[in-house]
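Presented below is the structure to which this report refers.
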Amino acid sequence: MFKPGHLHREHLPDKSDPQTFVYDVHYEVRDLPEKGQVLHLRMDGAVDGKAFSEECELPRDLAFDFMNELTRVAVRNGLHPRFGPILREHDEYDAMFEDIRHKLGLRPGEPIDLGHLPGR
């Protein structure tokens, strides 16, 4: 279930996907004096009954890559990568992406700061 600023997902095991998971993603735009606009993400949930909670921030120019970051959090906490959250209920993630773009005022073709990329 998606509503602006929040995504809730849960899954019970079935033949095609044996894992159980439930998670909530809360997100907001923050203005930080030292970084400018950032997308703040908090993901709380459980994978196969094991609870987790993690927070992270993405610079404005890398906010489009939020699902990559959320997938890393989910996998780090036990979700099998082949059952990644992006594959489920794609329409909800599309709505989340549009909401994030709107909140940050992002436009296609805007440059990214290569210094914001991991490993730099």
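Numbers for residues simply follow the sequence, beginning at 1.
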Residues that E54 engages under side-chain hydrogen bond (donor to acceptor under 3.5 Å, both in side chains), provided they are two or more places apart: R76, N77
message: Quick check: closest heavy atoms across E69 and C56, and the distance to 0.1 Å?
response: CG-SG, 3.4 Å
Neighbour count above 12 (heavy atom, 6.0 Å) for H8 NE2: yes
- prompt: Partners of K3 by salt bridge (Lys or Arg N to Asp or Glu O under 4.0 Å), sequence neighbours excluded?
  reply: none
message: So, using ring pair (Phe, Tyr, Trp, His ring centres under 6.0 Å) as the criterion, who are the partners of H26 when residues are at least two apart?
response: H6
- request: Please report the shortest heavy-atom distance between M96 and F2, naming the atom on each side.
  value: CA-CE1, 3.6 Å
query: With no hydrogens and no angle check, do the side chains of E55 and H40 hold a donor and an acceptor under 3.5 Å apart?
result: yes
query: Is the backbone N or O of H80 less than 3.5 Å from a side-chain atom of Q19, with the two atoms forming a donor-acceptor pair by type?
result: yes
- prompt: Donor-acceptor pair, E57 side chain versus L39 backbone, under 3.5 Å?
  reply: no
query: Are F21 and M43 connected, step by step, through hydrophobic side chains (Ile, Leu, Val, Met, Phe, Trp, Tyr) whose heavy atoms are closer than 4.5 Å?
result: yes
task: Give, for atom CG of L70 and atom CZ of R9, the distance between the pair rounded to the nearest 0.5 Å.
output: 13.0 Å
message: Once side-chain hydrogen bond (donor to acceptor under 3.5 Å, both in side chains) is applied, do any residues pair with R101, and if so which ones, sequence neighbours excluded?
response: E98
message: Suppose we screen for side-chain hydrogen bond (donor to acceptor under 3.5 Å, both in side chains). Which residues come up paired with S53, at least two apart in sequence or across chains?
response: D44
query: Would a hydrophobic clustering, with Ile, Leu, Val, Met, Phe, Trp and Tyr connected at side-chain separations under 4.5 Å, put F97 with Y93?
result: yes
- prompt: Are the side chain of Y27 and the backbone N or O of L41 linked by a donor-acceptor pair below 3.5 Å?
  reply: no
Name every donor-acceptor pair, under 3.5 Å, that has one atom in a side chain of residues 58-67 and the other anywhere in the protein, sequence neighbours excluded.
from, atom 1, to, atom 2, distance (Å)
R60, NE, Q37, OE1, 3.3
R60, NE, L104, O, 3.1
R60, NH1, E110, OE1, 2.7
R60, NH2, L104, O, 3.0
R60, NH2, G105, O, 3.1
R60, NH2, E110, OE1, 3.4
D61, OD1, H116, ND1, 2.7
D61, OD2, D113, N, 2.5
D61, OD2, H116, ND1, 3.1
D65, OD2, N68, ND2, 3.3

field: Single-linkage hydrophobic cluster, 4.5 Å side-chain cutoff, F52 and L7 together
entry: yes
